Amino acid sequence: MATSVRKLNTKGNNSEAETVVAEPGKVTEADGFVPEAKVQETTKAAANDRAAARTNDRRGLDEKTLIGIYRTMYLSRRIDDKEIQLKGQNKIFFQISGAGHEAVLTGAALAMKPAYDWFFPYYRDRALMLGLGMTAQEMLYSSVGAEPDPNSHGRQMPSHWGATRLNVPSQSSCTGSQALHAVGAAEAGYRASLVKELQKVVTGFKGDEVVYMSVGDGTTSEGEWWEALNSACNMKLPVIFVVEDNGYAISTPVEVNTAGGDISKLVTGFPGLFIQKIDGTDPLGSYAAFKDAVEYCRERKGPAFIHAKVIRPYSHSLSDDEKLYRPEEERDADARIDPIKTYAEFLMTEGICSSEQLEALRKEVDEEVNKAADIAVATPQPAPETAYRNVYSPDVDPTDRTLFDTENGAELSGNPGTMVDLINRCMHEEMERDPAIVVFGEDVADASREEYLERVKGKGGVFKVTANLQRKFGSARVFNSPLAEANIVGRAVGLSLRGLKPVIEIQFFDYIFPAMHQIRNEVAVMRWRSDGESKCPMVIRVPVGGYLKGGAVYHSQSGTTLFAHTPGLRIVYPSNALDANGLLRTSIRCDDPVMFLEHKHLYRQVYNKSAYPGSDFLIPFGKAKKVREGLDVTIVTFGALVERSNQAAKRLEQKGITVDLIDLRTLVPYDWEMIAESVKKTSRVVVAHEDPISYGYGAEIAARISDELFEYLDAPVRRVGATDTFVAYAPQVEDFILPQSDDVEKAVLELMKY
C-alpha cells in the first residue's frame, strides 16, 4: 500500500506543501522473488520525461554566457576523451569520466561562487571544476601524475579534486565520506555566526557562504550520507546535497541500490530540506534549480537537495565495460539526450551560435586540450623521495623539545588532582587561550537543553572529563553530537578544514569502529594525499582499556595496534594525571590529527594524582619517561601496565634485580633513543602492553630492538600481553586474560636465567 508524505514546495516553505505518493519498495530476483511484471524506470522513459520538460527559456543569461556553458561542457568531454586516448597509449594509469554529467555541473558552477562558497565534489565533477576555474592543463597534470598537479601532486588518481584557491578541499576515493565533511564545513560558518569571536578564525567566513556536496546515485546507500543529511537538517545548515543519478553504481542499477528507485522520494521526510528533482542533461534548467537552491541556503532557511537525472555514455571507468550489463537500446537512449549534442542544437535553433561558430569553438578547445596533454606528458613526476613529504605537519613539530618541553621547569601547586581533573582543567585553559577550539561528542555537554542548566548539575561526559565546559564557553563551542561516531569525526574534518580546532570525544574505544573509515581514510591521510594542500588537525579523545571489573567485551578494548599502523596519525597514551595534562596541551597545539587515549582504569586512581603544573606545561611527543632506574632488565610499557610493572619491579628489587622502567607516553612517535640507551645498559628487555600479545604494538618494539640492538642483547626480547581473546565480564576471567603484575615479574625472572 502506498503511503503519503509531505514535501516542500519550490519556495522552500510548508504553507503550500504538495502530497507525494511514495511507491512501495520493489523486490528483485536477487531477493529470490520474480514479480509478475517488472517495473523499472528506464533511461528511455526518463529521456521522454526530460524532453517534455525542456523549454527555450534562457534563464536571464546573455549570449556570451550561454556559449560559455557549451564551451565548459565540451571542454570537459574532450578532456575525458584525451585521457582515454592517453590511457590506451599507456601514458596515464587510470581514467574515470564525467561524461553525461556535464550539464548539471556547469549549471551548478554558474550559480555558485568559487573561492567564496565551499565545494565537496566527487570524481564525476570535472565540468564543475572547470566552471569554478580549474584548467585543462591542471587536470591533465593530474592525469599523468605530474608534480604540478594541484589536486595531489601525483599522489591520487585523476579526478580526485582539490584546489584550495577555489575552496575545494582534497577529496578521496571513498564514496560519500565527504558528505560529513561538507556538513562540518557549513557548521563552521554556522557556529561563527553564533560567536563573533569565531568569525576571525573560521577560514572564508562570509556569513552567507554555501556548501556544495555531490555524490552519485549509488552512494546514497552509504550510512554516512544519511547521517550528513540528518545533521544538516537538524542545524539548518546551508548545504546543497546533489545526487547525480545516472542510473548505475558501476553495474548495479538504481532500483537495486535505492528502495523504490527514486532517492528524492525517500528524503521527503527531512524537515526544512528544499527538494528539487531535475533533468540534469539540461544545463539551463540545472542552472535555474541551483540558483533557487543557492538562494534558499544563502538566506539560511536550511539545506537543499537536488536530484539530477543524468546519463553515463561511457563505462564507469576504463576498468569497467558497460556492454557486459547494459543493452545497446539503453545506451542508444543515452546518446539521444547527450547534453553535448542537445545543447549545441539549442544554441543553433535559438540563433545564439551558428554551426560554423560552434565548429570553430570545438577546434579551439581541441587544440587547447592537445597542447595541455603534450605539456603534461613531458612534465616530470615527483621525485621518489618526496613520498616522505607531508605525512605530518612541516610547520609544527610536536617532538621539538625546544618548543614543547617545559616539563623540567614546571612548578606544581594546589591540591593533587586525578587524571580526570587535570585533563578537564587543561581543556578549560586551552579553550580560554584559543577561541578556535570546539569540543563535541556523545554526552560531552552539561545539558543540551540550556534552560535546564540552572537546575541540574550537568553531565559533562560519562566520565565527567568535559564537565562545565559548556557552562563556561557556551553551547556554540561545546555541544553534544548524535549517537554516531562517523558523524563526530566526519564533521570534525569539515570544521578543521575551515580553521577550527575540534577536540572530539569517542565515548568508548570499543565503539570507535564506525568512525575508523573516517579516521584511516580521511583524517590521517588528508595532508599526505594532497601533499600539504589540505589538512585537518584535531584531537580525538578516546577512553580505552580494561581492568574495570565488569567492563567485558565492549568496554575493555585497548586496540592501539590498529591505529598505530596508520601513517599521519599521532597516538598519545598517558599513564598519570600530570602527563595527561602536558600531553593533551601539546596535542591541542599540534598541527596534526592526534588520537589521545585515556585509560579508564587510570581516571581516578590515587597513586597517579598530581598537583597542577600551570597553563604552559607541555610534554613533547616522542619523549618517554624513566619511572625507575635499574641495571638488570629494561621494561618498555605504557598505560595501565606502567604501575603494574612498577609493582613488579619493587618485588624484583627485593630479589636483587633492578629494573629500568620506561613509560613511552606517546606511541606514535615513540622514544627510540631512550629505549636504545637502556637496552645497551641492561642487555635484557621486556615489552609489555595490554592488547593481545600476537601481532601487537609490542612486536614493533621487540623487532626493532632485535634488528638494531642485537649485539647488546644477552637474552631474547620477551613480550607480555593479553591472551589472544577478547575481555570477559567475570572478574577472575578478566584477570586471566589481561596482563598482570605477576606476568611482568615472571617474564623478568625468566630473562635473568640467560
Side-chain angles (χ1 to χ4, degrees), residues 118-122 160-162 167-191 202-203 211-216 219-235 237-243 270 303 438-442 444 479-507 509 511-530 534-542 563 566 568-569 592-595:
W118 289 76
F119 302 88
F120 293 81
Y122 87 119
H160 288 52
W161 311 114
N167 286 353
V168 185
S170 171
Q171 303 300 300
S172 73
S173 293
C174 310
T175 56
S177 58
Q178 83 275 26
L180 287 167
H181 306 170
V183 169
E187 186 178 354
Y190 162 69
R191 298 199 178 278
V202 170
T203 303
V211 179
Y212 166 102
M213 195 288 304
S214 63
V215 295
T219 297
T220 63
S221 298
E222 293 280 1
E224 291 179 17
W225 184 81
W226 290 95
E227 290 180 23
L229 263 179
N230 180 50
S231 289
C233 291
N234 205 17
M235 289 181 277
L237 298 177
V239 182
I240 302 177
F241 291 88
V242 184
V243 176
F270 282 94
V438 292
V439 173
F440 66 102
E442 297 164 17
V444 301
F479 47 93
N480 285 331
S481 71
L483 202 160
E485 288 76 15
N487 181 288
I488 298 168
V489 178
R491 283 165 57 195
V493 171
L495 289 161
S496 180
L497 286 167
R498 293 199 62 186
L500 294 180
K501 188 59 175 282
V503 179
I504 59 177
E505 179 181 302
I506 301 296
Q507 197 167 86
F509 177 89
Y511 307 124
I512 201 170
F513 300 103
M516 191 169 185
H517 173 62
Q518 285 286 342
I519 295 170
R520 172 59 181 83
N521 284 330
E522 301 293 344
V523 174
V525 78
M526 179 73 72
R527 188 190 299 273
W528 189 88
R529 77 180 186 219
S530 67
S534 295
K535 63 177 183 176
C536 57
M538 67 181 70
V539 179
I540 306 172
R541 293 184 41 255
V542 194
F563 290 96
T566 301
L569 187 67
D592 295 310
V594 179
M595 180 172 284

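Because the structure is a prediction, the values reported are computed rather than measured. All residue numbers refer to positions in the sequence shown, counting from 1.
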- line: What one should report as the nearest heavy-atom pair of Val183 and Val239 is CA-CG2, 4.3 Å
field: Inter-residue atom distance Phe513.CZ - Glu485.CD, 0.5 Å rounding
entry: 10.5 Å
field: Atom of Pro514, atom of Ala486 and distance for their closest heavy-atom approach
entry: O-CB, 3.3 Å
field: side chain to side chain donor-acceptor pair (under 3.5 Å) partner of Ser170, the single match among Arg527, Arg529, His160
entry: Arg529
message: Show the nearest heavy-atom pair for residues Asn487 and Ser231, with the distance to one decimal.
response: ND2-OG, 2.9 Å
query: Got a sec, which residues hit side-chain contact (heavy atoms from CB on, under 4.5 Å) with Ser177, two or more places apart in sequence or on another chain?
result: Ser172, Cys174, Glu224, His517, Gln518, Glu522
- request: Can you see which heavy atom on Pro169 is nearest to which on Phe119, and at what distance?
  value: CD-O, 3.4 Å
- prompt: Just wondering, do Val493 and Gln178 contact through their side chains at under 4.5 Å, heavy atoms?
  reply: no
field: Under 3.5 Å: donor-acceptor pair, side chain of Glu442, backbone of Gln507
entry: no
- prompt: What's the spacing between Asn167 CG and Tyr212 OH if we round to 0.5 Å?
  reply: 15.0 Å
field: Steps toward side chain to side chain contact (heavy atoms under 4.5 Å, CB included) verdict (Phe509, Phe563)
entry: CA-CA 11 Å; Phe509 177 89; Phe563 290 96; 3.6 Å; yes
message: Working note: Val215 + Thr175, criterion side chain to side chain contact (heavy atoms under 4.5 Å, CB included); need CA distance, chi angles, decisive distance, verdict.
response: CA-CA 7 Å; Val215 295; Thr175 56; over 6 Å; no
message: Side chains of Phe120 and Val242, heavy atoms from C-beta outward: is any pair under 4.5 Å?
response: no
query: At what distance, to the nearest 0.5 angstrom, does NZ of Lys501 lie from CG of Leu495?
result: 13.0 Å
task: Any chance you could measure Ile488, atom CD1, to Leu180, atom CG, to the nearest 0.5 Å?
output: 10.5 Å
message: Let's go through Val211 and Leu237 carefully: what are the C-alpha distance in whole Å and the side-chain angles of both, what is the deciding distance for side chain to side chain contact (heavy atoms under 4.5 Å, CB included) to 0.1 Å, and is it a yes or a no?
response: CA-CA 9 Å; Val211 179; Leu237 298 177; over 6 Å; no
statement: Ala524 and Pro593 have their tightest heavy-atom pair at CA-CG, 4.4 Å
- prompt: Counting distance only, does the side-chain N/O of Asn480 pair as donor-acceptor with the main-chain N or O of Val444 below 3.5 Å?
  reply: yes
task: Say whether, by atom type as modelled, one donor and one acceptor occur between the side chain of Trp118 and the main chain of Val168 under 3.5 angstrom.
output: no
- request: Mind listing the closest non-hydrogen atom pair of Pro121 and Gln171 along with its distance?
  value: O-OE1, 3.4 Å
message: Can you tell me how far apart OG1 (Thr566) and CD1 (Ile519) are? Round to the nearest 0.5 Å.
response: 8.5 Å
- prompt: Would you say Ser496 and Arg498 make side-chain contact, with heavy atoms under 4.5 Å?
  reply: no
query: Do Thr219 and Tyr122 touch side chain to side chain, with heavy atoms closer than 4.5 Å?
result: no
- request: Take Ile512 and Val542 through the test side chain to side chain contact (heavy atoms under 4.5 Å, CB included) and record every step on the way to the result.
  value: CA-CA 8 Å; Ile512 201 170; Val542 194; 4.1 Å; yes
Spacing of Ile506 atom CD1 and Met516 atom CE [to the nearest 0.5 Å]: 12.5 Å
query: Within the side chain of Glu505, is there an N or O that forms a donor-acceptor pair under 3.5 Å with the backbone of Val503?
result: no
- line: Residue pairs passing the salt bridge (Lys or Arg N to Asp or Glu O under 4.0 Å) test with at least one member in residues 172-190, sequence neighbours excluded, are Glu187-Arg191, Glu187-Arg491
